Amino acid sequence: MSDRDKVLEYEVHIENMLHVLQERLSEFGDGKGLSDFESGRHLAYLEMMDIIKTRHSIILELIEESEMGK
């Protein structure tokens, strides 16, 4: 598998994770009136989305830098 193929497969994996997290977040509606437990889950999902998006942007920057260096 080429590096490009690996990147494309990784992109699909990231998109799938974000889609699942978005589905879970939609279960909370506007986030008001949640129990402490549900509020904690809601915040955890938001944090996971932030982590994944941040890591994804870092990886894209590294790939771009790598391609520019060729």
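Predicted model only: the values in this text are computed from it and were never measured. Computed over heavy atoms, backbone and side chain alike; hydrogens, waters and symmetry mates excluded.
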Donor + acceptor pair across side chains of His19, Glu15 (<3.5 Å) = no
A quick test of your reading: do over 12 heavy atoms of other residues, nucleotides or ligands sit less than 6.0 Å from CD of Glu9?
no
ask   = Is the closest side-chain heavy-atom distance between Arg41 and Phe37 below 4.5 Å?
value = yes
**Request:** Measure the shortest side-chain to side-chain distance between Glu11 and Leu60 over non-hydrogen atoms and say whether it is less than 4.5 angstrom.
**Result:**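 A side-chain contact under 4.5 Å exists here.
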Linking I/L/V/M/F/W/Y whenever any side-chain heavy atoms sit under 4.5 Å apart, do [X] and [Y] land together?
X     : Y     : value
Ile14 : Ile51 : yes
Leu18 : Val20 : no
Ile52 : Val7  : yes
Met48 : Leu43 : yes

Using the side-chain contact (heavy atoms from CB on, under 4.5 Å) criterion, which residues pair with Thr54? Sequence neighbours excluded.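 Counting only residues at least two positions away or on another chain, Thr54 forms a side-chain contact (heavy atoms from CB on, under 4.5 Å) with Asp50, Ile58.
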- Going by the angle between their ring planes, with limits at 30° and 60°, are Phe28 and His42 parallel, tilted or perpendicular? perpendicular
The reported gap from CD in Glu27 to CD in Glu38 (rounded to nearest 0.5 angstrom) is 8.5 Å
